[in-house]
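Encoded as structure tokens, the structure appears first; notes follow it.
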Amino acid sequence: MRNLILVAFVEPVTEGLVFPRTDWPLHITLVRFDAGTTDGADPAERLAALAEGPAMAALGANLMVGNDAGFGRHGSVPVSLIEPQPDLQSLHEQLVAAVGSLGGKVLTPAHTLAGYRPHVSHHGDTPLQPGDAVVLDRIALVDMAPDGDRTVRRVLRLWSLNQRGGKRF
């Protein structure tokens, strides 16, 4: 099984970027999941193929930063909520369906579909403030343990307004 996540980055990133698990670029989680295959194919490649259409269709959506909130145990993780937006919700739902079609296991089922609350976790001196506009311009598939190393993350596939498609990995 591979532990993967689809996110919308708020900060610039590049395909292939490796970063420490404790130092994520600002992002909106779209869906986090475990996936495997029974035929030896790479589940990340299969998921990327399924995600490309919905990701490309969602690029350019305008999002608005809402109020701050506390997530996690006892609300101890400060986040900036993203106001509900139909294109973002549709992207999330399509990606959850893609994961399901491959037999993937969503790791936060209570926070998917109707329970989805898009947000950006505060990190350092977060630049997001209530009322800020954010363009959905970078969607990525990220490996949560590249080559079995759980201390880093790797951007496997990036779809962006600048690239219009991204490269194969």
Side-chain angles (χ1 to χ4, degrees), residues 1-13 17 19-35 43-44 47-48 50-145 150 153 155-161:
M1 295 293 270
R2 287 187 74 177
N3 185 231
L4 304 166
I5 188 169
L6 285 150
V7 301
F9 281 107
V10 178
E11 294 183 298
V13 298
L17 175 70
F19 54 91
R21 72 178 179 157
T22 57
D23 195 21
W24 275 83
L26 294 178
H27 66 281
I28 301 165
T29 297
L30 298 168
V31 62
R32 184 172 174 203
F33 58 98
D34 284 337
L47 197 283
L50 292 173
E52 184 160 347
M56 294 299 292
L59 288 172
N62 292 308
L63 308 177
M64 182 70 61
V65 177
N67 293 325
D68 289 344
F71 278 24
R73 179 173 269 174
H74 308 295
S76 62
V77 178
V79 303
S80 297
L81 296 173
I82 301 298
E83 293 292 334
Q85 203 275 0
D87 294 327
L88 181 61
Q89 183 67 33
S90 177
L91 174 62
H92 165 73
E93 291 173 4
Q94 290 176 69
L95 295 176
V96 169
V99 167
S101 75
L102 293 177
K105 179 183 176 189
V106 173
L107 300 179
T108 55
H111 302 291
T112 59
L113 304 175
Y116 182 56
R117 290 183 65 199
H119 63 279
V120 176
S121 296
H122 292 186
H123 178 68
D125 187 26
T126 182
L128 300 180
Q129 300 296 322
D132 283 353
V134 176
V135 175
L136 188 60
D137 62 356
R138 294 173 209 91
I139 298 169
L141 176 62
V142 177
D143 191 334
M144 299 290 279
R150 296 193 178 282
R153 309 300 189 232
V155 177
L156 296 176
R157 183 75 184 265
L158 180 67
W159 298 276
S160 73
L161 286 176

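Checked against side chain to side chain donor-acceptor pair (under 3.5 Å), Glu83 has no partners two or more places apart in sequence or in another chain. Looking at residues two or more places apart in sequence or on another chain, you find a side chain to side chain donor-acceptor pair (under 3.5 Å) between Asp23 and His123.
Ala140 and Val155 get closest at one heavy-atom pair: CB-CG1, 4.0 Å. Residues Gln85 and Asp87 come closest through the heavy atom pair OE1-N, 2.6 Å. Of all heavy-atom pairs spanning Ala8 and Leu136, the tightest one is CB-CD1, 3.2 Å. Nearest heavy-atom pair across His122 and Asp68 is NE2-OD1, 3.4 Å. Smallest separation of non-hydrogen atoms from Leu141 and Trp159: N-CZ3, 4.1 Å. Arg153 and Val142 make their closest contact through CB-CG1, 3.9 Å (heavy atoms, listed as atom of the first residue, atom of the second, distance).
Side-chain contact check for Thr29 versus Ile5: some heavy-atom pair is nearer than 4.5 Å. Residues Pro54 and Met56 are not in side-chain contact: their nearest non-hydrogen atoms beyond the backbone lie 4.5 Å or more apart. Using a 4.5 Å heavy-atom cutoff, the side chains of Val135 and Leu59 are not in contact. Gln89 has its side chain out of reach of Pro84: every pair of non-hydrogen atoms, C-beta onward, lies at least 4.5 Å apart. Within the 4.5 Å cutoff, no side-chain heavy atoms of His27 are placed close to those of Glu11. Residues Val106 and Asp34 are not in side-chain contact: their nearest non-hydrogen atoms beyond the backbone lie 4.5 Å or more apart. Between Val99 and Leu4, every side-chain heavy-atom pair lies at or beyond the 4.5 Å cut-off. Using a 4.5 Å heavy-atom cutoff, the side chains of Val120 and Phe9 are not in contact.
Asp143 and Arg2 are joined by a salt bridge, as a carboxylate oxygen and a charged side-chain nitrogen come within less than 4.0 angstrom of each other. A salt bridge links Glu52 with Arg157: the distance from a Lys NZ or Arg NE/NH1/NH2 to an Asp or Glu carboxylate oxygen falls below 4.0 Å.
With rounding to the nearest 0.5 angstrom, the CG atom of Leu6 is 8.0 Å from the CG atom of Leu91. Distance check, rounded to the nearest 0.5 Å: NE2 of His119 to CG of Asn67 gives 15.0 Å. Here the straight-line distance linking atom CD1 of Ile28 with atom CG of Leu128 works out to 8.5 Å at 0.5 Å rounding. Going from atom OG1 of Thr112 over to atom CG of Leu107 covers 10.5 Å, rounded to the nearest 0.5 Å. Rounded to the nearest 0.5 angstrom, Phe71 CZ and Ser121 OG are separated by 8.0 Å.
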Checklist entry - Can you check side-chain contact (heavy atoms from CB on, under 4.5 Å) on Leu95 and Leu50, steps first, answer last? => result CA-CA 8 Å; Leu95 295 176; Leu50 292 173; over 6 Å; no
Checklist entry - Could you go step by step and tell me if Phe33 and Asn3 meet the side-chain contact (heavy atoms from CB on, under 4.5 Å) rule? => result CA-CA 6 Å; Phe33 58 98; Asn3 185 231; over 6 Å; no
Checklist entry - Under the side-chain contact (heavy atoms from CB on, under 4.5 Å) criterion, do Asp132 and Met64 qualify, and how do the steps go? => result CA-CA 6 Å; Asp132 283 353; Met64 182 70 61; 5.9 Å; no
Checklist entry - Does the side-chain contact (heavy atoms from CB on, under 4.5 Å) test come out yes or no for Leu30 and Leu88, once each step is laid out? => result CA-CA 9 Å; Leu30 298 168; Leu88 181 61; 3.7 Å; yes
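Aromatic pair Tyr116/His111: centroids not less than 6.0 angstrom apart.
Side chains of Ser160 and Asp137: a donor-acceptor N/O pair is absent below 3.5 angstrom, by distance only.
Between Trp24 and Phe19, the angle of the ring planes goes over 60°, which puts this pair in the perpendicular group of the 30/60° scheme.
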